[in-house]
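Written below as structure tokens is the structure these notes are about.
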Amino acid sequence: MEEEIKNLIKVCLMVLASLLYSYFIPNKLISKGKLRLLSLLPIYYIFTILPLYLSTAVPTALTAVFITWLGSFKLLLFAFDQGPLIPSNHDPPLSLTQFISIACLPVKIKQNQKHPSHQTHKSPPKLPLNWPTKVVLFGLLIGVHGNVIQHLHPKMVLIVHCVMLYLFVDIIFGGGIGLVGLVLGMELEPPSDEPYLSTSLQDFWGRRWNLMVTNLLRHTIYNPVRVFLEFQVGQQWATPVAVLAAFLVSGLMHELLFYYVIRATPTWEMTWYFVLHGACLVVENVMRKLVVGRWHLHRAVSCLLTVGFVVATTEWLFFPPLVRSGADLRAVEEFEMLINFVKERCQSLYGN
């Protein structure tokens, strides 16, 4: 564990050094475009190898998501003066603290807000309203996991893991937003919008689940592919192909993420999971246009069908690589170790 902590410190220092370079050299001295992109190539390489310095499942996964994936995509947009690292019109440039925080954490400043320094009445930033509830629920699931999970049917185990994955992602993203909001005094975009209330795949992927990833994929993959293809095949075909391209890239990035965690040859189930959802979303959009104004499902029914489809396909394609490698149990064990460590520290302090 001590060696892993040392490696984690090294990773953090390398991220900090990379972002200091990005802020002072490409940002200040190199104009947007190909030259800035070339100047950031070493940073993309560093971000790609960082998860390989770690061996525990959770820190490796978080580094892969926050730095290798999201951080690299943000810097890719930054190279062309786009994305969350570029302030909106009439706003001053980001400070060094803001640049580093936004680059390495899953946060995005709300586009319709003015810069904090221009505000006369600034309300304090808040965590999502149900964030503490999700933390408590996640802690309870971790606490009873070892004793209860062995008595459940394998299908029920996967459903429990689906719930835990959702809670974990929302807690981590929501916590990052709350922390950065408190430090920087900014109102930030929410990480998600209760995805279990989704009434369609478009609603789930486009407006409710993991909005930071959705936003980055929209600007780095969907928009460029759609604009390029519109001149080749027209908008009718460009849009569905761009949707599939975004889901394909998401699948490949998830394959890379899981490779970092399990260090095994990809089975490509993860890629097929996202390609399937992309294809189903395209079909859903076509069907919606055909039946618009004629009939529609009740919200409760469409919600049940959408969430059921997401859970079923997640059990089918998303979790098997993790279950076979034991990475899911490793992650739970790491959380149990963290909870026990916190308990011991609290008992020690209380005893003193």
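The residues of the chain are indexed from 1 along the displayed sequence. This one's a predicted model, so the numbers in the text were calculated from it and none came from an experiment.
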Heavy atoms only: give me the nearest [X]-[Y] pair and the separation to one decimal.
X	Y	result
Leu322	Asp328	O-OD1, 3.4 Å
Leu244	Val275	CD2-O, 4.3 Å
Pro59	Thr63	O-OG1, 2.8 Å
Ala79	Leu40	CB-CD1, 4.0 Å
Ala61	Leu257	CB-CD2, 4.4 Å
Val107	Ser101	CG2-O, 3.8 Å

Just one of Trp272, Phe247, Trp316, Trp205 clears the ring-ring contact (aromatic ring centres under 6.0 Å, His included) bar with His277, so which one?
Trp205
For [X] and [Y], indicate whether the former's side chain and the latter's backbone hold a donor-acceptor pair under 3.5 Å.
X	Y	answer
Glu4	Ser55	yes
Lys74	Ile102	yes
Glu334	Thr56	no
Ser302	Arg299	yes
Thr313	Val310	yes
Thr68	Val65	no
Tyr44	Leu75	yes

Beyond-backbone contact of [X] with [Y], side-chain heavy atoms, under 4.5 angstrom:
X	Y	result
Ser72	Phe47	yes
Leu19	Ile43	no
Val241	Val282	no
Tyr23	Ile100	no
Leu41	Leu38	yes
Thr306	Asp203	no
Asn210	Ser192	no
Leu77	Leu216	yes

Can you hop from [X] to [Y] via hydrophobic side chains spaced under 4.5 Å?
X	Y	result
Leu229	Val243	yes
Val307	Leu304	no
Phe78	Leu29	yes
Leu16	Ile67	yes
Val261	Ile172	yes

Output the distance between atom [atom1] ([X]) and atom [atom2] ([Y]), rounded to the nearest 0.5 Å.
X	Y	atom1	atom2	answer
Leu197	Arg208	CG	CZ	5.0 Å
Met287	Glu284	CE	CD	10.0 Å
Arg36	Asp81	CZ	CG	4.5 Å
Tyr273	Thr271	OH	OG1	12.5 Å
Phe168	Ile142	CZ	CD1	9.5 Å
Ser39	Ile25	OG	CD1	9.0 Å

How about [atom1] on [X], more than 12 heavy atoms from neighbouring residues, nucleotides or ligands closer than 6.0 Å, or not?
X	atom1	answer
Tyr45	OH	no
Gln235	CD	no
Tyr259	OH	no
Phe309	CZ	yes

Using 30° and 60° as the class boundaries, would you call the ring planes of Trp209 and Tyr166 parallel, tilted or perpendicular?
tilted
Would you call the rings of His254 and Phe318 parallel, tilted or perpendicular, taking 30° and 60° as the class edges?
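It falls in the perpendicular class, over 60°.
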Quick check: His219 with Phe73 (ring centres under 6.0 Å apart)?
no
Kindly say whether the aromatic ring centers of Phe173 and Phe66 come within a distance under 6.0 Å.
yes
Run the side chain to side chain contact (heavy atoms under 4.5 Å, CB included) check on Phe24 and Leu96 step by step: do they pass?
CA-CA 9 Å; Phe24 287 109; Leu96 177 59; 4.1 Å; yes
Could you give me the CA-CA distance, side-chain angles and deciding distance for Glu3 and Lys10, then say whether salt bridge (Lys or Arg N to Asp or Glu O under 4.0 Å) is met?
CA-CA 11 Å; Glu3 186 65 25; Lys10 291 179 182 178; 5.3 Å; no
List the steps and the verdict of side chain to side chain donor-acceptor pair (under 3.5 Å) for Thr267 and Glu269.
CA-CA 6 Å; Thr267 60; Glu269 290 161 286; 2.6 Å; yes
